[in-house]
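Before any comments, here is the structure.
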Amino acid sequence: MSRRLAKLAISLVTCVAAIPAASPSTATPSTSRGLISVAQVMQMLEKAPTDRTAQQVLAAYLAGVGEAAGAVVSMGNATCRTSLRVNAGSVRQALKAAAAGQDTAETPATPLIVKDMLDRAGCKRQ
């Protein structure tokens with residue numbers, strides 16, 4: 001299990017480091033606490049259809065979020081009715097709904113995406 005967590009930590013650190021570096025002149029900054037913001041992810045979602053770098057960064061970030069959600073389920077002894085899924089459409093919808101009325105530049109995106117994934121899969125702690 002510790003090897004799996006080490007791989008997860010490395011992939012998450014890589015994703016966090018890659019997002020601001022993808023387009024430093026135009027990327028929305030992360031939160032003041034250094035977390036990936038809703039605004040950042042929404043910007044990557046908008047750019048991804050036409051920008052190869054944005055596609056790669058978004059894919060890496062969502063893969064890391066998916067792994068994190070899987071680790072939460074596994075380590076939390078949870079069961080889910082369906083498998084965990086993440087894609088650009090579900091992320092866009094979840095972030096728009098969860099961050100409505102909030103400062104999207106200061107709202108961390110990852111917890112909102114993970115919560116949405118767990119809710120959609122019907123995950124419950126045993």
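Atom CG of L45 sits about 5.0 Å away from atom CG of L58, to the nearest 0.5 Å.
Q40 contributes a side-chain N or O that, together with a main-chain N or O of S37, makes up a donor-acceptor pair within less than 3.5 Å.
Within the structure, disulfide (SG to SG under 2.5 Å) contacts touching residues 35-125 (residues at least two apart or in different chains) are C80-C123. Within the structure, salt bridge (charged side-chain N to carboxylate O under 4.0 Å, His left out) contacts touching residues 104-117 (residues at least two apart or in different chains) are K115-D119, D116-R120.
Here the closest heavy-atom approach between residue M42 and residue R92 is recorded as CE-CG, 4.0 Å. Closest approach of D103 to T107, counting heavy atoms only: O-OG1, 2.8 Å. Taking both residues in full, the closest heavy atoms of L62 and N87 are given as CD1-C, 4.4 Å, listed atom of the first, atom of the second, then distance.
With sequence neighbours excluded, the residues that form a side-chain contact (heavy atoms from CB on, under 4.5 Å) with R33 are T31, L35, P108. Residues passing the side-chain contact (heavy atoms from CB on, under 4.5 Å) test with A69, sequence neighbours excluded: L84, V114, M117. Contacts of R125 classified as side-chain contact (heavy atoms from CB on, under 4.5 Å), with partners at least two apart in sequence or in another chain: none. Judged as a side-chain contact (heavy atoms from CB on, under 4.5 Å), and not counting sequence neighbours, the contacts of Q55 are A48, R52.
Residues Y61 and V91 are not in side-chain contact: their nearest non-hydrogen atoms beyond the backbone lie 4.5 Å or more apart.
Atom CD of Q93 has 12 or fewer heavy atoms from other residues, nucleotides or ligands within 6.0 Å.
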